[in-house]
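To keep things clear, I will list the structure first and then write my remarks on it.
Hydrogens, waters and symmetry mates are skipped; everything else that's a heavy atom, side chains included, is used.
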Amino acid sequence: MPVPTSMVVGAHWVTADEYKAAHGLAPSRSLASSALREPFSARSVAQVGTAAWQRFEAARALPGRR
């Protein structure tokens, strides 16, 4: 069973960046397995265009947001 990123980072008491550096992983490398990333991605793609997505986009456009 895949382990969520937060479990790995939390178990080691380091940030994701620190964990990657300590283990020689590229900064762009995901700590989440594809078994976790793929369902999250599919759920995110399915949200595009919904009322929730429109609220997200509106909040993201507020001053002070990146």
Side-chain angles (χ1 to χ4, degrees):
M1 175 175 201
V3 178
T5 302
S6 60
M7 297 296 281
V8 171
V9 174
H12 293 276
W13 292 93
V14 297
T15 66
D17 289 340
E18 291 167 337
Y19 183 88
K20 291 174 188 181
H23 295 279
L25 301 172
S28 60
R29 172 78 178 197
S30 175
L31 294 179
S33 71
S34 60
L36 288 176
R37 285 191 317 270
E38 290 168 3
F40 288 147
S41 177
R43 188 168 50 224
S44 296
V45 168
Q47 293 290 322
V48 174
T50 65
W53 179 261
Q54 291 168 0
R55 288 191 304 273
F56 168 76
E57 287 294 319
R60 194 169 71 146
L62 292 174
R65 299 280 182 153
R66 291 194 280 166

Sequence neighbours excluded, the answer for side chain to side chain contact (heavy atoms under 4.5 Å, CB included) partners of S28 is A26

- Residue list, side chain to side chain contact (heavy atoms under 4.5 Å, CB included) with E38, at least two apart or on another chain: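 In terms of side chain to side chain contact (heavy atoms under 4.5 Å, CB included), with neighbours along the sequence ignored, E38 is linked to S34.
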
Practice problem: Could you tell me whether a side-chain N or O of R29 sits under 3.5 Å from a main-chain N or O of K20, the two making a donor and an acceptor? | Solution: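 Looks like no, no N/O pair under 3.5 Å.
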
d(L31 CG, D17 CG) to nearest 0.5 Å is 9.0 Å

Here the gap from S41 atom OG to L36 atom CG, rounded to the nearest 0.5 Å, amounts to 12.5 Å

Which atom pairs, donor and acceptor, lie under 3.5 Å between side-chain atoms of residues 52-59 and protein residues at least two apart or in another chain?
residue: E57; atom: OE1; partner: R60; partner atom: NH2; Å: 3.0
residue: E57; atom: OE2; partner: R60; partner atom: NH2; Å: 3.2

Taking only distance into account, with no hydrogens and no angle test, what donor-acceptor pairs under 3.5 Å do side-chain atoms of residues 42-49 form with protein atoms, sequence neighbours excluded?
residue: S44; atom: OG; partner: F40; partner atom: O; Å: 3.0

Closest heavy-atom contact between S30 and A32?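 The pair with the smallest heavy-atom distance is OG-N, 3.1 Å.
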
